[in-house]
Amino acid sequence: MDPNKRPETMERITTPELAQAFIDEQIAAVKEQVGDKKVLLALSGGVDSSVVAALLIKAIGDQLTCVHVNHGLLRKGEPEQVIQVFKEELGANLIYVDAVDRFLDKLAGVDDPETKRKIIGKEFIDVFAEEAAKLEGIEFLGQGTIYPDILESDGVKAHHNVGGLPEDLQFDLVEPVKLLYKDEVRVVGKQLGLPDGMVYRQPFPGPGLGVRCVGAITRDRLEAVREADAIVREEIGKMDPVPWQYFVAIPDVKSTGIKDGKRYMGWAAVIRAINTVDAVTAESVEIPWAMLTTIRDRIIAEVPGINRVLWDLSDKPVSTIEWE
Ligand code: XMP
């Protein structure tokens, strides 16, 4: 049986009871797999890694060490929140690594999306290897891989293709939610007692704002993406129900603005809001006009460099959810 293929008989996890059965099964499986060894987990703070962290804390407690890498591509306020929730509230072993300059220096001038993903993925692995080397006896690497990652790991999501670990540091993987779709991961997270704000948080790609600062990343445009994203999350977050994913991308294209009678070059921010069940197909969500104009006005007023706001209406297929 292929361990990366979801059995056709596997029931969709939609209820607390099914989630609890899954949790019990995975706790037993993780205990069996890990024994008394130690696990290192990349804790980005997104739904997937947070659910895996909570599951592993339940299964193996302080045999788990979480590493939160700030690669500079996280959303506004995110590193602080990860520290607050996991270190302060859940009492996890959490190592915080400030790797902002390291990542952004490596990414400077790189505009190919797959190369960007590969650089980010490789730097991640390197950071983990370095952190693991500082710790005694790490033998496993926890991962928040979910089923759509496996289904789509044909090149586009090079970031997910684990296998790039250095030969002298081959960890076995612990991937307790790898056969689950996103909606199931949320049901499991809720059952694990994670706060709603974490369980229902929108998914965020591993390469983070790096794939939303389209083309070669510059620090100024990256800051603009981060600020505009915070505004869009705040405003679209008021919708009921909230869309599955909503964010801003800033293409590497100049946009002419006019201020005090003078023309100047800036950028255009693109708003995207989609609904989906499993991220394999997606449809654009209708955003009320008043909300769009509020977002437009706030972005223009609050985000330096942006002089144009666009709305991406495309469905998947043919457009992928992310811009690159
Ligand atoms: P696309 O853009 O392929 O995205 O329609 C589908 C879902 O996957 C997320 N995504 C990624 N997640 N690493 C990730 O962990 C990546 O490189 C990556 N690219 C896209 C995207 O945000 C959406 O939810």
Side-chain angles (χ1 to χ4, degrees), residues 41-53 68-69 71-75 78 82 103 106-107 110-125 128 141-164 173 175 177-178 180-186 199-215 217 225-226 229 232-233 236 242-251 270-285 312-324:
L41 173 73
L43 178 55
S44 69
V47 183
D48 306 336
S49 64
S50 297
V51 169
V52 168
H68 180 64
V69 178
H71 51 26
L73 308 169
L74 298 167
R75 290 171 287 192
E78 212 157 39
V82 167
F103 275 80
K106 283 253 160 56
L107 287 163
V110 180
D111 65 357
D112 175 63
E114 212 169 324
T115 309
K116 285 165 72 176
R117 279 188 171 83
K118 281 195 174 126
I119 290 172
I120 295 165
K122 183 185 176 303
E123 281 305 299
F124 250 111
I125 303 283
F128 283 132
L141 187 69
Q143 287 219 138
T145 312
I146 67 170
Y147 205 44
D149 301 333
I150 292 176
L151 296 177
E152 295 192 22
S153 65
D154 54 0
V156 181
K157 306 277 163 37
H159 175 71
H160 290 291
N161 294 342
V162 183
L173 299 179
E175 298 176 299
V177 299
K178 73 175 173 185
L180 301 191
Y181 287 103
K182 188 66 116 187
D183 54 310
E184 298 176 288
V185 177
R186 293 190 205 277
V199 172
Y200 298 110
R201 179 187 301 188
Q202 57 171 310
F204 188 58
L209 299 181
V211 291
R212 297 177 182 171
C213 189
V214 183
I217 298 169
V225 176
R226 196 176 344 257
D229 170 75
V232 160
R233 280 192 291 139
I236 297 187
V242 290
W244 195 83
Q245 208 168 4
Y246 45 104
F247 57 88
V248 168
I250 303 187
V270 180
I271 304 167
R272 183 144 174 72
I274 57 94
N275 271 334
T276 178
V277 174
D278 53 18
V280 176
T281 62
E283 54 188 42
S284 179
V285 173
D312 179 351
L313 297 174
S314 324
D315 292 338
K316 177 182 181 179
V318 63
S319 310
T320 53
I321 294 171
E322 301 293 344
W323 263 56
E324 61 174 28

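If you read the sequence from its start, that first residue is 1, and numbering goes on from there. Both counts, for ligands and for their atoms, begin at 1 and track the order of listing.
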What atoms in ligand 1 come closer than 4.0 Å to a heavy atom of [X]?
X: P205; answer: 10 (N), 11 (C), 12 (N), 14 (C), 15 (O), 18 (C), 22 (O)
X: K316; answer: 1 (P), 3 (O), 5 (O), 6 (C)
X: T320; answer: 1 (P), 2 (O), 5 (O)
X: G206; answer: 12 (N), 13 (N), 14 (C), 15 (O)

Task: Salt bridge present between D112 and K116 (N-O < 4.0 angstrom) - done: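 Judged by the 4.0 Å cut-off on N to carboxylate O distance, D112 and K116 do not form a salt bridge.
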
Task: Sidechain N-carboxylate O distance under 4.0 Å for D48, K182 - done: yes

- [ ] Determine, considering heavy atoms only, which of K116, R117, E322 sits nearest to atom 19 (N) of ligand 1.
- [x]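 Among K116, R117, E322, the closest heavy atom to atom 19 (N) of ligand 1 comes from R117.
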
Open item on the list: Heavy atom to atom 1 (P) of ligand 1, shortest distance: which of T276, V280, I321 holds it?
Closed with: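 Result: the heavy atom closest to atom 1 (P) of ligand 1 is in I321.
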
Open item on the list: If we only consider heavy atoms of W244, is any one of them less than 4.0 Å away from an atom in ligand 1?
Closed with: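 Yes, W244 has a heavy atom closer than 4.0 Å to ligand 1.
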
Open item on the list: So if I apply the side-chain contact (heavy atoms from CB on, under 4.5 Å) rule between V285 and each of N275, L313, T276, which one comes out positive?
Closed with: N275

Open item on the list: I'd like to know if the side chain of E322 reaches the main chain of R212, judged simply by a donor and an acceptor atom lying under 3.5 Å from each other, with no hydrogens or angles considered.
Closed with: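 Side chain of E322 to backbone of R212, a donor-acceptor pair under 3.5 Å: no, none is there.
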
- [ ] Would you check if the side chain of E283 reaches a backbone N or O of I274 as a donor-acceptor pair within less than 3.5 Å?
- [x]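 It does not hold such a pair.
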
Task: Taking every non-hydrogen atom, the tightest pair across G215 and E324 - done: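 Shortest heavy-atom separation between G215 and E324 comes out as N-OE1, 3.2 Å.
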
